[in-house]
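Below, chain A is the first sequence line, B the second, and so on; all start at residue 1.
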Amino acid sequence: MQREHQKFVTELGDWHRSHSCGQLTINNDGEDVCLMGWVQYRRDHGGLIFVDLRDRDGLTQIVFSPDIAPAAHENAHILRSEYVLAVKGKVRPRPDGMINANMVTGQIEIVAYEWKLLNTSKTPPFPIEDRSDAGENLRLTWRYLDLRRPRMQANLRLRHKVSQAARCYLDDNGFTEVETPVLTKSTPEGARDFLVPSRLNNGEFFALPQSPQLFKQLLMVAGMERYFQIVRCFRDEDLRADRQPEFTQVDLEMSFADEEQVMGIAEGLMARVFKDVMGKELALPFPRMPWDEAMARYGVDKPDTRFGLELVDLTEIVRGSGFKLFATAQLVKGMKVPGGESMTRKEIDAFTEFVKIYGAQGLAWIKIKADEWQSPIAKFLSDEERKGIAEALDLQIGDIVFFQAGEPSMVNAALGNLRVHLGNHLKLIPENSFNFLWVTDFPLYEYNEEDKRYVACHHPFTSPAPGHMELMVTDPAKARARAYDMVLNGCEVGGGSIRIHSGEVQRRMFEALGFTPEQAEEQFGFLIQALDLGAPPHGGLAFGLDRLVMLLTSSPSIRDVIAFPKTQKATCLMTDAPSTVSSRQLRELGLRLREVPGAEQKKDGAAADKA
RNA sequence: GGAGCGGUAGUUAAGUCGGUUAUAACGCCGGCCUGUCACGCCGGAGGCCGAGGGUUCGAGUCCCUUCCGCUCCGCCA
């Protein structure tokens, strides 16, 4: 059909758009206008034909009338969804009773006197409208059509505004935007690198940066004093709703600054973004919470402080309990849900399944009834223990308490995540609220079971807390870092630290991480050398732009705020990347594949070689 | 590496205990229609039930393998 209609397609010629499709109101009554856009809906009455024309700004109703402009009406019946149209006509008020209150432009319509078909369109694989619930595979395959939807356009435009606000704010505060290499050196710490083979240096590889960390520190050594960049970062790890292999950071670094100054700049930046983009005033400064307290009260290092349900440590209260699980556990915690006594067995079973994800064996619970504690475990608890638990949790009749006992990391993960799950399930989270929180005093290290060694909790360039230098070697688990995360609604949106600016300290850090001096020199020699050449004290922070915009747009995934995201398997359904390359390309790079793709079938077996 | 959910017409979904010609809505095509606005009315076309194998007289439905999408655990300095 659209092929037949091709013959109606004409050039733009000297037509110029006078207004957008979201712009015209009753105030433009009588004006001659020219609109251009896509056909959203057509309503062909045989006589009158209505077309809702869409551009990035909105919808405007066009009327093709055989009485007023027969020439314009003659062929208008060919118009179909997503045809590209230019219309010249006159703005007029809609007749009495025909006003559409749901449309910004609903008081008026354009009577078409002349129009040009600029292009036809095949029937799109899914309708271009916000209420369309096309599957994600379709949306990603036809991404440019998905991006035509107003919702996605609004997301990208809001993202742009956030970037813009950040740029202006940082510029106002004396930061210089500096670009850093995308082809850089692979470093062993942290996430997996994306590697790029070097044609001019066969057998050697660049890595795409996991972040510009080292370069921004070197810019401080270079005397830039205040640097920022809105920069792509790459990490070859498994994806999540809030994790893509390439993502964007608003990255900044400051010389001669301590935590207070970095956090102050970061708060100011957020305030500017919220004011410019959301029209909201943020209360500064943001509340702060040491990491220990966050773990104790919320079980996670990024607490969602929009609702209660805090965790309470009961370990000591049940230390000598007849309930062996509690008595012997390294950590026992409880979480009270006020009014939760009405929960059904089915609900509780679902919560039990939920916590098993985090390694919990089960989920103990007690319903506080008027006359008894109803619970599978109540009979194991002494009166004294009951009293202690009741006091610690301030129990009231009608509550339910969930318990978790065992390995501290499991207990915290299970209850901490159950807390968030319950917050959603019980609708305890107020809509349109933005709760910022700084989490401070992070551990310097965490123990990595796989490698049997301590690894940097933040990154290996993070300065230990004052007085914790000795602990780096003597008791690494106790050492604290000068690191801070900015948490928004339970989501980590930013993180940073005061860096090590002494070559000597940096050498000790690598030593503590198990590097030999030779390894440290080989991997990070250029950094250590720079620190030895007059590096100023410095620190900084990076925001996850995608996550921030995801929260500001209430999107369920960062894919909805990235123009061309990857699938969970890190592929692009639109371009079919990644894909194989020619043997010639490989040869130039000095590479040979150990396994030849295509030997096993890539998709559906349709084109697969049966050999 | 692991757990879970999903894949049926262009789209979104229904499809019972394995049993006739696989439904519906929207979209699409044709016709009618001068005030609709997700127009309406009449008619029509449209299916590799993700793919491969198995069980069975018979498979969209049961079993196995596999591919794809999503959520999560591990992983993500």
Is it the case that [X] and [Y] place a side-chain donor and acceptor less than 3.5 Å from each other?
X: A/Thr141; Y: A/Arg139; value: no
X: A/Tyr298; Y: A/Asp304; value: no
X: A/Gln61; Y: A/Arg43; value: yes

In this structure, how many angstroms lie between the [atom2] atom of [N] and the [atom1] atom of [X], rounded?
X: A/His77; N: B/G31; atom1: NE2; atom2: C1'; answer: 13 Å
X: A/Gln244; N: B/G69; atom1: CD; atom2: C1'; answer: 14 Å
X: A/Asn137; N: B/A51; atom1: CG; atom2: P; answer: 15 Å
X: A/Glu109; N: B/U36; atom1: CD; atom2: C1'; answer: 10 Å
X: A/His459; N: B/C76; atom1: NE2; atom2: C1'; answer: 15 Å
X: A/Leu573; N: B/C68; atom1: CG; atom2: C1'; answer: 8 Å
X: A/Asn102; N: B/C39; atom1: CG; atom2: P; answer: 13 Å
X: A/Glu136; N: B/U12; atom1: CD; atom2: C1'; answer: 15 Å

Can you tell me if the side-chain N/O atoms of [X] get under 4.0 Å from OP1 or OP2 in [N]?
X: A/Gln568; N: B/U71; value: yes
X: A/Thr571; N: B/G69; value: yes
X: A/Lys569; N: B/G69; value: no
X: A/Arg43; N: B/U34; value: no
X: A/Thr123; N: B/G10; value: no
X: A/Arg54; N: B/C37; value: no

Classify the ring geometry of A/Phe524 against A/Phe510: parallel below 30°, tilted from 30° to 60°, perpendicular beyond 60°.
parallel

Near-parallel close stack of A/His45 and B/U36 base (under 5.5 Å, under 30°)
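Per 5.5 Å and 30° rule: no stacking.
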
Ring centroids of A/Phe126 and B/U11 base under 5.5 Å with planes under 30°:
no

So that I can tick it off, tell me whether A/Arg547 and A/Asp242 are bridged by a salt bridge, with the cut-off set at under 4.0 angstrom between side-chain N and carboxylate O.
yes

Between the side chains of A/Arg148 and A/Glu82, is the shortest nitrogen-to-carboxylate-oxygen separation below 4.0 Å, so that they form an ion pair?
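Salt bridge: yes.
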
If I pick the [atom1] atom on [M] and the same atom on [N], what distance separates them, to the nearest angstrom?
N: B/U23; M: B/U16; atom1: P; result: 14 Å
N: B/C62; M: B/C75; atom1: P; result: 36 Å
N: B/A14; M: B/G52; atom1: P; result: 24 Å
N: B/G1; M: B/U66; atom1: P; result: 12 Å

Among the candidates B/A38, B/C33, B/G35, find the nucleotide nearest to the side-chain atoms of A/Pro95.
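Closest of the options to the side chain of A/Pro95: B/G35.
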
Nucleotide of B/U34, B/G69, B/C70 approaching A/Leu48 most closely (side-chain heavy atoms):
B/U34

Let me spell it out: for each of A/Arg94 and A/Gly46, pick the nucleotide of RNA chain B with the closest heavy atom. Which residue's pick is nearer the 5' end?
A/Gly46

Both A/Glu4 and A/Ala456 contact RNA chain B. Which one's nearest nucleotide lies toward the 5' end?
A/Glu4

Pick base, sugar-phosphate or nothing for [X], based on heavy-atom distances below 4.0 Å to the nucleic acid.
X: A/Asp238; value: base
X: A/Ile49; value: nothing
X: A/Pro125; value: sugar-phosphate
X: A/Ser211; value: base

Going by purine N1 to pyrimidine N3 plus the second Watson-Crick contact, or the G-U wobble pair, all under 3.5 Å, which nucleotide sits opposite [N]?
N: B/C57; result: B/G19
N: B/A25; result: B/U11
N: B/A3; result: B/U71

Non-hydrogen atoms of A/Leu140 and A/Pro565 that approach each other most closely:
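Nearest heavy atoms, A/Leu140 then A/Pro565: CD2-CG, 3.8 Å.
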
